[in-house]
Trainee: 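For reference, the structure I am asking about is given below.
Computed from heavy atoms alone, side chains included, the values below leave out hydrogens, waters and symmetry copies.
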Amino acid sequence: MVAARRRTYGRFCAILASSLALVVGGCSGDDDGGKAPDVSVTADKLCAVGAVNKAAVGALEVITGATLFAPTGEESAVAAAAGELTREAAPVGSGTGDVCSIYPRPESAGPAAEIRVVWYLSSTPPKEDTARKFTRLPMGEKAGAAHDSAFVTFPCSPKDESREFPDHVSVWAQSQALPTEAEGDVRPLKNAYATLAHSFALALAKELDCDGNAGLKPKPALIPAT
C-alpha cells in the first residue's frame, strides 16, 4: 500500500512539473516576453507605396547608410497628408503638416537617425531664399538642396476647376539632427536629399490631382540652376 502511494505521488509530481513547464513556456514563448516583433521594411514600402520611388530608395541609402527601416503607419502616408493639406487649404489658404518620418534600422547614432518629410502651404509664390547653404535646382517653382535638407515647391492647379485650392505647396525632406557645418564633398548628400524631396513632391502632386503633376518631371533635376 505504501509503495503504491509513493508511485502515485511520483506520477503526480511528474505531471505537475510537466504542466508547469508548459505554462512557463507558453508565457515566454518566442515573443520575447510579449514585446512587439522587431519588424523592418525596405525603403519602397515607406509612407505608402509610391512615395519613395526607385531613385529615392538609393537616396535614402546614401543619407542613412541603411537599407531597412522602421515601418510607417497609414497616418504617415502621402494620402493622409494630401487630405490634411486639402482641409487646411479651404479655410485659411496656408499651413504646415507632416507627411512621414523615416527611421533607419539598425538605428543610427549619426545625423541621419531620423528623416522628416513635411509640407508647407501658401497662397503666394515662394520668396527668394537667402540661405547660402542651399543650391538652387530647376524643379517646380523653386527647389534647393543642402547637405542635410532639400525642398521642392510646386504650383497646384486642380484638374477639377470646381475645387478650391491654393497655388503653392512646398515639400521638405530634412534631417532632425542638430545643424552642422558642411565638410568635404557634400554633393552626394545634396543630390540625395533633393531626390528624396522630389519623390515626395511628385507623389503629393499626383495625390492632389494637380494638373500635369504640377509640372514635376518623373526624375529629379540635379544640375544646379543658373
Side-chain angles (χ1 to χ4, degrees), residues 41 43-60 63 69 71-102 114-129 134 136-145 149-174 176 191-222 225:
V41 298
D44 58 314
K45 301 297 192 300
L46 295 170
C47 317
V49 176
V52 180
N53 60 26
K54 185 176 181 179
V57 169
L60 272 174
I63 294 168
F69 301 84
T72 50
E74 292 182 0
E75 70 281 0
S76 295
V78 170
E84 182 184 5
L85 195 155
T86 303
R87 290 190 296 271
E88 192 75 18
V92 294
S94 62
T96 183
D98 289 318
V99 180
C100 193
S101 291
I102 299 171
E114 177 188 357
I115 304 299
R116 187 180 177 203
V117 182
V118 299
W119 58 263
Y120 293 92
L121 188 62
S122 176
S123 57
T124 58
K127 297 179 181 179
E128 184 66 28
D129 197 325
F134 287 102
R136 292 199 53 191
L137 299 171
M139 292 188 285
E141 283 185 307
K142 186 178 179 182
S149 58
F151 68 91
V152 176
T153 303
F154 58 88
C156 185
S157 299
K159 294 177 183 177
D160 182 357
E161 295 182 357
S162 65
R163 292 175 56 197
E164 292 185 7
F165 197 82
D167 294 331
H168 314 281
V169 179
S170 292
V171 176
W172 283 73
Q174 51 200 3
Q176 293 304 287
N191 288 345
Y193 275 102
T195 298
L196 187 61
H198 168 269
S199 180
F200 275 93
L202 181 60
L204 191 56
K206 290 179 178 178
E207 190 67 35
L208 292 169
D209 201 25
C210 302
D211 190 27
N213 293 333
L216 296 175
K217 305 299 183 183
K219 297 181 179 180
L222 302 179

Trainee: Ignoring hydrogens, what is the shortest heavy-atom contact between Phe134 and Gly144? Give both atom names and the distance.
Mentor: CD2-C, 3.9 Å
Trainee: Start with the C-alpha gap between Arg116 and Trp172, add the side-chain angles, then the distance that decides, and say whether side chain to side chain contact (heavy atoms under 4.5 Å, CB included) holds.
Mentor: CA-CA 8 Å; Arg116 187 180 177 203; Trp172 283 73; over 6 Å; no
Trainee: Tell me the closest heavy-atom pair linking Thr72 and Ser101, and the distance in Å.
Mentor: CG2-O, 3.6 Å
Trainee: Rounded to the nearest 0.5 Å, how far does OH of Tyr193 lie from CG of Leu60?
Mentor: 9.0 Å
Trainee: Sequence neighbours excluded, which residues qualify as side chain to side chain contact (heavy atoms under 4.5 Å, CB included) partners of Ala214?
Mentor: Phe154, Ala205, Cys210
Trainee: Please enumerate all residues that pass side chain to side chain contact (heavy atoms under 4.5 Å, CB included) together with Val57, with sequence neighbours excluded.
Mentor: Ala43, Asp44, Val52
Trainee: How many angstroms lie between CG in Leu196 and CG in Asn191, if you round to the nearest 0.5 Å?
Mentor: 12.5 Å
Trainee: Given the rule in the side chain to side chain contact (heavy atoms under 4.5 Å, CB included) test, do Cys47 and Ile102 qualify, once you have shown the distances and angles that lead to the verdict?
Mentor: CA-CA 8 Å; Cys47 317; Ile102 299 171; 4.3 Å; yes
Trainee: Going from CE on Met139 to NE2 on His198, what distance comes out if it is rounded to the nearest 0.5 angstrom?
Mentor: 6.5 Å
Trainee: Can you give me the closest heavy-atom contact between Ala197 and Ala150, atom names plus distance?
Mentor: CB-O, 3.9 Å
Trainee: Has the side chain of Thr195 got a donor or acceptor atom that lies under 3.5 Å from a matching backbone atom of Ala56?
Mentor: no
Trainee: Listed by chain and number, what are the side chain to side chain contact (heavy atoms under 4.5 Å, CB included) partners of Lys206, not counting sequence neighbours?
Mentor: Leu202, Asn213
Trainee: Roughly how far, to the nearest 0.5 Å, is CD1 of Ile115 from CD of Gln176?
Mentor: 8.0 Å
Trainee: Kindly give the heavy-atom pair with the smallest separation between Gly50 and Ala203, and that separation in Å.
Mentor: O-CB, 3.9 Å
Trainee: Please tell me if the side chains of Asp98 and Glu84 come closer than 4.5 Å, counting only heavy atoms from C-beta onward.
Mentor: no
Trainee: I'd like to check the side chain to side chain donor-acceptor pair (under 3.5 Å) partners of Thr153; sequence neighbours left out, ordered by chain and number.
Mentor: Ser170
Trainee: Verify, without hydrogens or angle tests, whether Thr86 (side chain) and Ala82 (backbone) share a donor-acceptor contact under 3.5 angstrom.
Mentor: yes
Trainee: Does Ala80 have any side chain to side chain contact (heavy atoms under 4.5 Å, CB included) partners at least two apart in sequence or in another chain, and if so, which?
Mentor: none
